[in-house]
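Quick notes on the structure that follows.
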Protein chains: 2
Amino acid sequence: MTEPKTPDTAPPAGSVRKHGRDGKSNATIYDIAKMAGVNASTVSRALSKPGRVSSKTQKLIEDAAARLNYQVNPFARALPTGKTNTFGLIVADITNPTFFDIIRGAETTATGRDYTLVLAESAESPETELTAARRLMATVDGLILASPRMDDDNIRALAQDKPVVVINREVAGVPCVVPDVNKGISEAVRSLAANGHTRIAYVAGPPQSWMSERRWEGVQAACEWSRLEAVRLESGKPTVDGGRQTARDVRASGATAVLTYNDLIAIGLMQELQAAGMVVPDQISIVGFDDIFGADFTTPPLTTVRSPLGECGEAAATRLLDLLHGSGEPAGTLSVETELVLRGSSGRILPAK
Amino acid sequence: MTEPKTPDTAPPAGSVRKHGRDGKSNATIYDIAKMAGVNASTVSRALSKPGRVSSKTQKLIEDAAARLNYQVNPFARALPTGKTNTFGLIVADITNPTFFDIIRGAETTATGRDYTLVLAESAESPETELTAARRLMATVDGLILASPRMDDDNIRALAQDKPVVVINREVAGVPCVVPDVNKGISEAVRSLAANGHTRIAYVAGPPQSWMSERRWEGVQAACEWSRLEAVRLESGKPTVDGGRQTARDVRASGATAVLTYNDLIAIGLMQELQAAGMVVPDQISIVGFDDIFGADFTTPPLTTVRSPLGECGEAAATRLLDLLHGSGEPAGTLSVETELVLRGSSGRILPAK
DNA sequence: GTCGTTTTGTCAACCGGTTGCCATAAATTG
DNA sequence: CAATTTATGGCAACCGGTTGACAAAACGAC
């Protein structure tokens, strides 16, 4: 309008310039202020505090901002306020599909409420986890810990600094989102009982896993109720390989039905048993946990106790955001329901031909 | 040392305080400066520019920092420098397991080099993708786009602003990491030819997918070389469901072997064909792409052309980091090899009994 | 002991917003 | 129409680092 300031013509085709100077999207509130003929602080107010400036200056400023295609500098904003519109999510293992849905649920919720998700993984190590958490703490407004491996005290310590929500574990004094395994487990056990099974094995997960214990307790309780025998077996890693390695113990246990800590173990176990010539479910029933991606790829497809992981992610993110905005309970556990997904890997034992 | 400043005793057990003031980890370089008896700028230099201060002041400062358990405020640092030690990764679909390995590869590399990964998803929409990219641009040092859906010009525009690396697609003028499909495809086609197949179908992916076209070209080329017939079919979504829906077309095509745009489609297709009573691979061979998590859960396990996705993620992150540190090529494509993973879903056609 | 060079540390400006406080203009009230 | 309240915008300090310019100190050579 004033000068014919060579409007960014198309960049010299074929050659991409080095970054920076010419891709400048860096208009500041001062530029806007100058253009709108007001003070920078007025611009700041117009852009953040709604209603603090008159509607005509508001419009003036908005127009100027649009013309300059202004974007706030998040760091400049974060510096005085400490708010970053960002939260962190730490998962134990990025390759574990259990977390995929959690990640997605959290990401969706974040984006929907104008927050950005920062992801980190702990590689199943309590130390790495704590390090990652500390690191993230500096740059986020809050933190979600999915199946954390560090101990309760550390979690509480973090929670004292900034809002923290825990998924898949209960920590006193910290808001948690936990699938309530009882419904799903009792459905599973009843189904097994109805199919004539009398001795059921539970293949446990990693010793640090809070959830593994809950599941074991649930299995015991349900078995007692249905007057079945429950035996506990240990697994190595909660992976497909870990599952394969428990096949021997499972056969030795004399159980005709197995519940495993998670679907990965169940799948590995099933593969190994089938490789040894056993027929599922005719000779042994297998029930997993979580209903992860791929649980229905197997033959037979896996019966499993589904945890609504996506919901957990969403719920945790929602709770966190509520906390950040002053609403919401500061602590307490939110339960989400689990349910049995009956597929082909469980059923009635056929008498050996 | 000076005052008996009630050293943070354990917080009143059982009651978790509100966040903020007491969890103060906020020592600043000014605090350190005071404690060490130097100027704040000296502290800043001691902490960032190695060798700029004498070793004794260095030690003095480091000790003070340790005693105060100081942590830099990333925002304060980012403000003047513009560097955030953070980069973004945008994937088309978080629930698509293809990306899991990419995410993990990138995350691992990031953490290993002291960077933080910020994750966003585009839900397969070019607009959402662009929005997310713009949003992230403000807070990250660079961006990785995995299988981007937006068009080349938009990508180049982003790349002009800050370093961008693209995975699974080639964009002129922008650094890319792309699996070279030829080796894997020719292995696959040769294997099919050796098993007597003469007519091969390719089930394509989404029209915007650059990679789907490359794969189709690869299939055509390999078929020509082996003197086989290649027919192209379209799929709806590149998902298990999308795969199921192509079953009808596949049967109608008269092909005895199918390559699909990705494993998800292959799995869906296989499920549907099996449900209709066909035996894989006795009546039809199925070959997927990518070798995603779960590809070996099926019965028979899926033969597939593996793209080293984890490597792609790593390589992209490494390139980006190199770019950020001034080394590395500003553009050009890095190829990674693909290979055939021969499993049970492909083989010789058995004559109808 | 003097002069030039190199180290080392200090000063002060700056990055780009936010916000408490105050002055002024506008609106309301008596 | 004066007095008072309220709405609006400006000033300036501040968040916590970084960095160029410069001064003081240390060092070496002559």
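Keep in mind that the numbers below use all heavy atoms, side chains included, and drop hydrogens, waters and symmetry copies. Chain identifiers are assigned alphabetically (A, B, ...) following the order of the sequence lines, protein sequences preceding nucleic acid strands; residue numbering begins at 1 within each chain.
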- Produce a footprint string for nucleotides 14-20 of chain D: one letter per nucleotide, 5' end first; B if the base is under 4.0 Å from any protein heavy atom, S if only the sugar-phosphate is, - if neither. -BBBBBB
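- Rounded to whole Å, the distance from CZ on R52(A) to C1' on dG10(D) is 10 Å.
- Whole-Å rounding puts the K83(A) NZ to dT19(C) C1' distance at 16 Å.
- Checking S125(A) against S122(A) by side-chain atom types alone, no donor-acceptor pair falls below 3.5 Å.
- In this structure, the side chains of D141(A) and Y115(A) come closer than 4.5 Å at one or more pairs of heavy atoms.
- Within the structure, the salt bridge (Lys or Arg N to Asp or Glu O under 4.0 Å) test picks out the following pairs touching residues 103-119 of chain B (sequence neighbours left out): D93(A)-R104(B), E121(A)-R104(B), R135(A)-D114(B), R113(B)-D322(B).
- For E129(B) (side chain) and M150(B) (main-chain N/O), a donor-acceptor pair under 3.5 Å exists by modelled atom type.
- Residues V118(A) and L117(B) have side chains not in contact (no heavy-atom distance under 4.5 Å, counting atoms from C-beta outward).
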